[in-house]
Amino acid sequence: MERINRRRVLGALGALGGCGLLPGCASQASTEVTTVRTETSEERKKPVPTAPPAWKYIPLDCNAVAETAYRIYPDGGCMYALVGSVMIELARKAGEPFQSFPYAMMRYGDGGVGGWGSMCGVVNGGAALIGLFHGEKSKETREALITDLCVWYETTSLPAFKPAEPLWAEQAEPCVAGSLLCHVSVAEWCKATGLSAFCMEKKERCRRLATDGVIKVVEILNRKAEEEACEFAPLTPDVKACIDCHGKNEPGDAVGKMRCATCHQFDKKHPSP
């Protein structure tokens with residue numbers, strides 16, 4: 001039997017490593033030649049370059065936007081119809097950058113965010129538009145505009161819009177939602193009408209509600225664009241009373257501006273909101 005020569009074995013192993021057949025050796029080799037550059041502390045402090053503001057709002061005709069919203073609603077639901085109709089009309093007036101806005105992404109808001117019944121897409125989409133055109137760091141203006149929209153949604157008997165040619169149902173009875181939440185809004189409508197949440201009248205109701213929403217948002221944006229010092233709707237007295245008691249002061253256990261009495265039941269000892 002031929003004796004194994006130590007030098008020959010080592011030579012063979014070296015050849016294998018050179019050919020990349022030993023994973024450990026290959027990994028080590030790749031580690032040796034790879035360098036990762038990290039930012040220095042000075043580089044991190046430098047401001048990130050920003051493009052000049054391009055999303056400047058141009059006042060729109062409420063009727064034109066409403067017609068577009070009602071028409072495109074079946075393609076993606078309430079939030080899609082609201083944001084999409086504004087972008088379509090802005091693109092008709094000014095072209096870019098509105099023409100390239102990916103409003104199809106707003107389909108996620110349908111049914112209270114992917115069907116979860118949370119924030120109604122009318123409020124979600126309206127607030128998104130306000131944030132787009134009033135994205136400044138000073139949030140007072142932005143929150144004032146959003147408050148106007150939310151108070152309107154919670155306290156107004158909707159839908160009010162009546163299309164020239166109703167497409168899903170002749171009637172869509174209005175009611176006061178009392179909440180920004182989709183499932184509460186729909187439940188209140190079902191209670192008021194005695195109809196199912198899955199009937200065509202309810203679908204027509206949401207289609208018209210989205211149209212009402214875009215009219216309201218355009219009215220808000222138009223007013224702000226045309227009158228810098230304009231005023232917007234304040235919180236309702238009952239909500240303000242709740243915040244004054246449960247806000248930053250003791251007990252400091254509530255954050256928000258939604259109507260409390262819609263979901264919370266109060267015992268006789270609790271002050272009337």
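Hydrogens, waters and symmetry mates are skipped; everything else that's a heavy atom, side chains included, is used.
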Next item on the list: Please answer whether the main-chain N or O of D148 pairs with a side-chain N or O of K216 as donor and acceptor at a distance below 3.5 Å.
Entry: no
Next item on the list: Without swapping roles, check the side chain of T156 against the backbone of L158 for a donor-acceptor pair under 3.5 Å.
Entry: no
Margin query: Looking at D75 and R107, is there a salt bridge between them, counting it only when a charged N and a carboxylate O are closer than 4.0 Å?
Written below: no
Margin query: Taking E219 first and then R223, would you say they form a salt bridge - that is, a charged N and a carboxylate O separated by under 4.0 Å?
Written below: no
Next item on the list: Test R208 against W168 for side chain to side chain contact (heavy atoms under 4.5 Å, CB included), laying out the working first.
Entry: CA-CA 10 Å; R208 297 187 190 188; W168 285 345; over 6 Å; no
Item checked: Six-ring centre of Y70, R207 cation under 6.0 angstrom, axis tolerance 45° -> yes
Are [X] and [Y] close enough that some pair of their side-chain heavy atoms sits under 4.5 Å apart?
{"X": "V83", "Y": "L132", "value": "no"}
{"X": "M79", "Y": "D110", "value": "no"}
{"X": "L195", "Y": "K202", "value": "no"}
{"X": "E204", "Y": "P159", "value": "no"}
{"X": "L82", "Y": "L129", "value": "yes"}

For the hydrophobic clusters of this structure (ILVMFWY residues joined by side-chain heavy atoms under 4.5 Å, transitively), does one cluster hold both [X] and [Y]?
{"X": "V186", "Y": "M119", "result": "no"}
{"X": "M200", "Y": "W189", "result": "no"}
{"X": "V122", "Y": "V113", "result": "yes"}
{"X": "I146", "Y": "L221", "result": "yes"}
{"X": "W116", "Y": "L209", "result": "no"}

Identify the heavy atoms of [X] and [Y] that sit nearest to each other, and give their distance.
{"X": "I58", "Y": "A94", "value": "CD1-CB, 3.4 Å"}
{"X": "N222", "Y": "C62", "value": "ND2-SG, 4.5 Å"}
{"X": "V214", "Y": "V86", "value": "CG2-CG2, 3.5 Å"}
{"X": "C199", "Y": "S196", "value": "SG-O, 3.1 Å"}

Check: So E140 and S138, side-chain hydrogen bond (donor to acceptor under 3.5 Å, both in side chains) or not? Walk me through it.
Finding: CA-CA 6 Å; E140 285 76 13; S138 177; 2.8 Å; yes
Next item on the list: List the steps and the verdict of side chain to side chain contact (heavy atoms under 4.5 Å, CB included) for V123 and W152.
Entry: CA-CA 10 Å; V123 180; W152 166 83; over 6 Å; no
Measuring from atom [atom1] of [X] to atom [atom2] of [Y], what distance do you get when rounded to the nearest 0.5 angstrom?
{"X": "W55", "Y": "M87", "atom1": "CH2", "atom2": "CE", "answer": "6.0 Å"}
{"X": "N124", "Y": "L180", "atom1": "CG", "atom2": "CG", "answer": "10.5 Å"}
{"X": "R142", "Y": "H134", "atom1": "CZ", "atom2": "NE2", "answer": "10.0 Å"}
{"X": "E201", "Y": "C206", "atom1": "CD", "atom2": "SG", "answer": "12.0 Å"}
{"X": "E188", "Y": "H183", "atom1": "CD", "atom2": "NE2", "answer": "10.0 Å"}
{"X": "I130", "Y": "T147", "atom1": "CD1", "atom2": "OG1", "answer": "9.0 Å"}

Item checked: From CA spacing to verdict: side-chain hydrogen bond (donor to acceptor under 3.5 Å, both in side chains), T68, E89 -> CA-CA 8 Å; T68 301; E89 294 304 317; 2.8 Å; yes
Next item on the list: Decide if atom CD of Q171 counts as having more than 12 heavy atoms of other residues, nucleotides or ligands within a radius under 6.0 Å.
Entry: no
Notebook entry, point to check: Heavy-atom count around K139 NZ within 6.0 Å, excluding the residue itself: above 12?
Noted result: no
Next item on the list: Go through the steps to decide whether V65 and V217 satisfy the test side chain to side chain contact (heavy atoms under 4.5 Å, CB included), and finish with yes or no.
Entry: CA-CA 10 Å; V65 181; V217 171; over 6 Å; no
Notebook entry, point to check: What orientation do F133 and F98 show, parallel under 30°, tilted 30 to 60°, or perpendicular over 60°?
Noted result: tilted
Margin query: Can you classify the ring geometry of Y103 versus Y80 as parallel (below 30°), tilted (30 to 60°) or perpendicular (above 60°)?
Written below: tilted
Checklist line | side-chain hydrogen bond (donor to acceptor under 3.5 Å, both in side chains) evaluation trace for S185 with Y153 | finding: CA-CA 10 Å; S185 177; Y153 185 96; 3.1 Å; yes
